Amino acid sequence: MILHKMIVENFRQFRGRQEIEFWAPSLPHHNVTVVFGENGRGKTGLFRAIMFCLFGERRLSQDGDVPREELQLVNVSALEANTGPVRTSVELEFTHMGRSYRLRRAILGMQDGKRIIEEDDEKRLFVITSDGNTLTVPTIEIDVVIDSILDRRVKDYFLFDGEKIERLTRASIEQRREISAGIRNLLNVDALETAIRAVGRVSKALERELSNSSHEELSRLLKRISDNEEEQNQLRKRLDGLADEIRLARQEIDKTDNELKKFNEIRHLLDKRKLLEQELKDQEQQADEALKEMHNLVCKASALIVSPTVITVFEHIERQKQKGEIPSEIRRDLIERILTDDKCICGRDVLKDPAAHSHILDWQKRTSDVTTQDAALNLWRYLSEVRNHFGDDADLVEKRLQQYGNIRSTIANINRSLENVSNQIGTSERQDATKLDEHRKKLQDGIITLEANARNAQTLLEQLKQEEERLRALLKEERLKVGRNDELSRRSILARDTQDALNDVHDQFTREIKQLIGQSATQFFRELLDKEGRGNLRTIVVNDDYSLQVLDRYKKPFLANISAGQRQIMSISFIAALARAASRGGQIEIPLFMDTPFGRLSFEHRQNLINHIPTFASQWILLATDTEFRRQEANLLKTSGKWGKFFILRPTHDGNTTIEEQDINSALAILRDEEDY
Amino acid sequence: MKMDGKIRVATDAHYKELYNNMKSSGTVGDFHELFFVCACLGYRKKKSIQVKKRDDRFWSSTITPPEWACYYAMILEQNEFDYAKVSEDKDMLAVIEGYANAGIDILIEGFLNDYLLPISNGSDPQLDPTCCKELPKQFVHFIFEQSESETWDN
Amino acid sequence: MNDLGKTLLPDVNALIIEKLNTYPADVRELAIQAIRLSEAYPETAVAEQLQTIVRKLAKQQGGNGL
């Protein structure tokens, strides 16, 4: 899909009829458009307009629980200036698989007291065939045609906003939930999931029936399983609830921060606090990840406890080897045959020669059977490997413990600075600010408690899962004992086995897609990383619990040690992998919108994004602010030969926005250098 | 010395909860790892306690080759390099179970006590989830300390 | 990226049925019926229809002397 043009009319900040052209037929290979504007000018509004036009959607994934009335599409100034209804429309021209399309969607906005009512008005799709004829698609078929071009479930993967990138870098329940939802949408296994639930219902009903039967042990086990399942369900609900509460608390903190920003005299302190908090979050995340990786060191450290034993035994076998006892020069079976036959291989009678006889007996002592020799040699090899690693393992364990200690002391320092800054903010004369600040602190403390609760609930859930597995094994045994020929029991076993089989298949699919997404993300990651990262980091992995991990060149988890910029590149690679998957695996066929993605990236990372994204996406629409899109980036983009269009979103006197096209050469004059900041 | 993967390795039922807790808290990745720590501790302190109430904990197929190698080394050293003592993996693991059983007591006494819920008359030891946040790190630290004191003393 | 394309194709249910080949005949039969019904009906309706199929399959199994 290539977007050509969009016309918006009275859509959000865009009052009246305004046009933006993303692609010029005269420059077909210039697939990058930059839309430049301050925050709040309507950059995301452009993506919103496209999603509204394609799917009639008003809500983006980032909108979360924002109430519908805050997501109104009609331009408020137009509404205030009119007594009657105002038409809000978006018209989109695009090509897909060699065909041209024109899609138009409109709503009518009306003022009803203080409320604004929006009603669907018009939806039309035209297809322009290769011979230039225009066909009108019947209204009821429009959604089917659009869905065949872009599945609505995956639409959100084509917008990379700074917040989403940031969210994915945090190892949290929210992150795992987002990744799991993303992968689930890609899987397209609705029927399979319905089937699993339906068979589950049947299985549960049969188990209930069985538990009323006369087999006491069976009833008891079924009851325990049912209680366990109920407990697990409750915990899952609780975890979902906690994740929601955490998200809401974070939103509330953002709101409070906006309020606090009104107090200009403490603004720099607030900014400083925000930075410190971000740093704290990063460090705490690093500490969590370092903790998560600690268990990999347990066996290494334990082997060190028995290192004297390992060394003694290794040296003993080594000596046996040197003496020729292992492998022995003379085979034991040969010596035993000589002793039984009393005859040497040369034909001499050994019993008659006491010296020779005692020599042979001596040999017999020194030899061992072939199996023992092989096993001893194997053991020698394994011990040699264990022994050779002792030095490295001890260093590694010490280094990791030290690293963790350093992170914790950095956290303590940040906390001290935070307390300091908070005290300074607290002593401000502005009472309102202090109140808001207290509110904010409460929210922050609340989040810490909520996160601790979530961790405990997760641990409990894991324990229940293990217990359920054990109970199910017992149940199967018990059923085989009491009811092989009992039909009700057979039905119950069949339903449960089928549910397990369907779950297995679902797991296989999920595993496969996780692997494929991991591979695809790795490919992007390697292209986008800076030189230092490329030397160290190798693979992105989607873990079983849907958290992300990055492996170093020794295939060891390394996430805890990567920089904030590298983390962002990792997120971008992961979202790009989802977008590629949603495009069925080839080039990313849908325009990629990136909303302020450069925030914490180094120049080298920005350079890589600018050089590579236009090669793997059919179209790149970069929504940027002046702090991240500077003369340096513009120069790079210009040299790449891919930059086709440049727009500035300008504020008007009545608080609206106008879209103004600029020549890309003039961008260099408008934009600023890094030194200007 | 075949590294036979078909043996059920048991611990005392009394420590079942603790084994589960250590795994679910992420302190160890799997049961065989905790078992290995305990076996090493028991062996170094030359303490073995017979498992009273056997409770199958894991399959021997999960034991890694370096762990097997350490187990063989312990038994060989203890029996003056008599290879016959390590010819049957099942018999050998039964001896190791004794060390691991003693080792878990050492672990509790020397370290885990601070992380357990109060133990009333004969109840099974269980981790207190409210104080386990840093347990994975402290655990590695404890093991490392043991290795240092043991290794350098010798 | 052919594999990825394969997993994401709309006829994903055909792939699911292929994966079910390794399971016992009665489990496979019930699973396939469940998926087929789920393509057209909501969960509760599927569960109701499955009750009859489970009964039939369990009877057959009994008849086979299992």
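Naming: A, B, ... by sequence-line order, numbering from 1 per chain. As the structure is a computational prediction, the values presented were derived from the model and not from experiment.
How far CD1 of A/Ile305 is from SG of B/Cys40: 5.5 Å, rounded to the nearest 0.5 Å. Distance check: A/Ser302 OG to B/Arg44 CZ gives 13.5 Å after rounding to the nearest 0.5 Å. In this structure, the separation between OG1 on A/Thr312 and CG on B/Leu76 is 11.5 Å, given to the nearest 0.5 Å. A/Thr459 contributes atom OG1, which lies 13.5 Å from atom NZ of B/Lys23 (distance to the nearest 0.5 angstrom). Within the model, atoms CE of B/Met1 and OH of A/Tyr382 stand 12.0 Å from one another, a figure rounded to the nearest 0.5 Å. The OG atom of B/Ser25 lies 10.5 Å from the CG atom of A/Leu291; values are rounded to the nearest 0.5 Å.
Shortest non-hydrogen contact noted between A/Leu383 and B/Ala73 is CD2-CB, 4.0 Å. Summarising the geometry of A/Val298 relative to B/Thr27, their closest heavy-atom pair is CG2-O, 3.6 Å, with the distance given to 0.1 Å. Between A/Val306 and B/Met74 the shortest heavy-atom distance is CG1-CE, 3.9 Å. Nearest approach of B/Phe36 to A/Cys299, heavy atoms of both residues: CE2-O, 3.6 Å. What you find for B/Ala69 and A/Val386 is that their closest heavy atoms are CB-CG2, 4.5 Å.
Only the side chain of B/Glu67 comes within contact range of chain A, with heavy atoms under 4.5 Å apart. At a 4.5 Å heavy-atom cutoff, the contact between A/Ala376 and chain B is made by backbone and side-chain atoms alike. Contacts of A/Gln466 with chain B are made by side-chain atoms alone, with heavy-atom separations under 4.5 Å and no backbone atom involved. Within the 4.5 angstrom heavy-atom criterion, no atom of A/Arg387 approaches chain B.
When the shell of 6.0 Å around NZ of B/Lys46 is examined, it contains more than 12 heavy atoms from other residues, nucleotides or ligands. Around atom CD of B/Gln50, no more than 12 heavy atoms belonging to other residues, nucleotides or ligands sit under 6.0 Å away. Remark: B/Lys53 NZ is loosely packed, at most 12 non-hydrogen atoms of other residues, nucleotides or ligands lying under 6.0 Å away. Environment of NZ in B/Lys85: sparse, with no more than 12 heavy atoms of neighbouring residues, nucleotides or ligands closer than 6.0 Å.
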Determine, stepwise, if the pair B/Lys133 / A/Arg455 fulfils side-chain contact (heavy atoms from CB on, under 4.5 Å). CA-CA 9 Å; B/Lys133 192 171 182 274; A/Arg455 267 197 302 274; 3.4 Å; yes
Pair B/Asn21-A/Gln463, side-chain contact (heavy atoms from CB on, under 4.5 Å): steps then yes or no: CA-CA 8 Å; B/Asn21 294 165; A/Gln463 286 172 5; 3.1 Å; yes
When you look at B/Val86 and A/Leu379, which way does the side-chain contact (heavy atoms from CB on, under 4.5 Å) test go after all the steps? CA-CA 11 Å; B/Val86 288; A/Leu379 180 57; 6.0 Å; no
Stepwise side-chain contact (heavy atoms from CB on, under 4.5 Å) check, A/Met294 with B/Phe139: CA-CA 9 Å; A/Met294 278 295 170; B/Phe139 185 56; over 6 Å; no
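Taking 4.5 Å as the limit, every side-chain heavy atom of B/Lys137 sits out of range of all side-chain heavy atoms of A/Arg408. With contacts defined as side-chain heavy-atom distances shorter than 4.5 Å, the pair A/Lys465/B/Ser24 does not qualify. Looking at B/Cys70 and A/Thr309, their side chains never come closer than 4.5 Å, going by heavy atoms from C-beta outward.
Counting heavy-atom pairs closer than 4.5 Å to chain B, the top-ranked of the candidates A/Asn296, A/Asn456, A/Val397 is A/Val397. When each of B/Gln78, B/Glu134, B/Met3, B/His141 is scored by its heavy-atom pairs under 4.5 Å with chain A, the top score falls to B/Glu134.
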